[in-house]
Amino acid sequence: MAEEALASGWQSVDTIPLKGEGEFLVLTLSGLVRLARNRRNYRKFRKADGYGPKRLTVYAVESGNYLGAIAWKWLEG
């Protein structure tokens, strides 16, 4: 799923915005697209393994829940 997202215009979690850089859309491990933000000033990844691709924890804007992001992109419009 991560490879398909990157091929269709999503960006890798290697370049995900840091704290204070705004809100963005993330593609989660479960395939959901959610509005999120990063609360960290650094990127702490979880390596790809048997459970999924390389991922990063971010926070949902609406609920405040943790999300496992595998790709991201800016809001359009």
Side-chain angles (χ1 to χ4, degrees):
M1 182 172 22
E3 293 86 21
E4 294 172 11
L6 294 175
S8 66
W10 289 81
Q11 298 182 38
S12 168
V13 291
D14 295 323
T15 61
I16 204 161
L18 298 175
K19 180 179 180 178
E21 294 181 358
E23 298 172 351
F24 45 89
L25 294 174
V26 294
L27 178 62
T28 66
L29 277 170
S30 61
L32 298 173
V33 176
R34 303 284 304 269
L35 184 63
R37 72 176 139 224
N38 198 346
R39 292 187 183 166
R40 294 184 180 152
N41 292 322
Y42 58 92
R43 295 175 183 97
K44 184 178 177 183
F45 303 103
R46 185 155 187 200
K47 296 180 182 178
D49 55 17
Y51 296 106
K54 183 176 184 179
R55 53 206 178 269
L56 179 81
T57 302
V58 294
Y59 300 89
V61 171
E62 296 169 356
S63 64
N65 293 339
Y66 295 109
L67 301 172
I70 59 173
W72 76 279
K73 68 180 177 178
W74 290 112
L75 292 167
E76 296 175 2

- prompt: Taking only residues two or more places apart in sequence, or in another chain, which ones meet Arg34 in a side-chain hydrogen bond (donor to acceptor under 3.5 Å, both in side chains)?
  reply: none
message: Please enumerate all residues that pass side-chain hydrogen bond (donor to acceptor under 3.5 Å, both in side chains) together with Ser8, with sequence neighbours excluded.
response: none
field: Result of checking Ile16, Val13, Thr28 against Val58 for side chain to side chain contact (heavy atoms under 4.5 Å, CB included)
entry: Ile16
task: For atom CZ of Arg46, decide whether the heavy atoms of other residues, nucleotides or ligands shown that lie under 6.0 angstrom number more than 12.
output: no
query: Please walk me through it: do Lys54 and Asp14 pass side-chain contact (heavy atoms from CB on, under 4.5 Å)?
result: CA-CA 9 Å; Lys54 183 176 184 179; Asp14 295 323; 2.5 Å; yes
query: Who pairs with Glu21 by side chain to side chain contact (heavy atoms under 4.5 Å, CB included), at least two apart in sequence or on another chain?
result: Pro17, Leu18
- prompt: Would you say Trp10 and Met1 are hydrophobically clustered, going by side-chain heavy atoms of ILVMFWY under 4.5 Å?
  reply: yes
message: If hydrophobic clusters are built from ILVMFWY residues whose side chains come within less than 4.5 Å, do Val33 and Leu35 share one?
response: yes
Contacts of type salt bridge (charged side-chain N to carboxylate O under 4.0 Å, His left out), residue Arg37, not counting sequence neighbours: Glu23
message: I need the full list of ring pair (Phe, Tyr, Trp, His ring centres under 6.0 Å) pairs touching residues 25-51, with sequence neighbours left out, sorted by first then second residue.
response: none
Could you tabulate the donor-acceptor pairs under 3.5 Å formed by side-chain atoms of residues 66-75, not counting sequence neighbours?
unit_1	atom_1	unit_2	atom_2	d
Trp72	NE1	Ser12	O	3.1
Trp72	NE1	Thr15	OG1	3.3

query: Arg40 side chain to Asn38 main-chain N or O, any donor-acceptor pair under 3.5 Å?
result: no
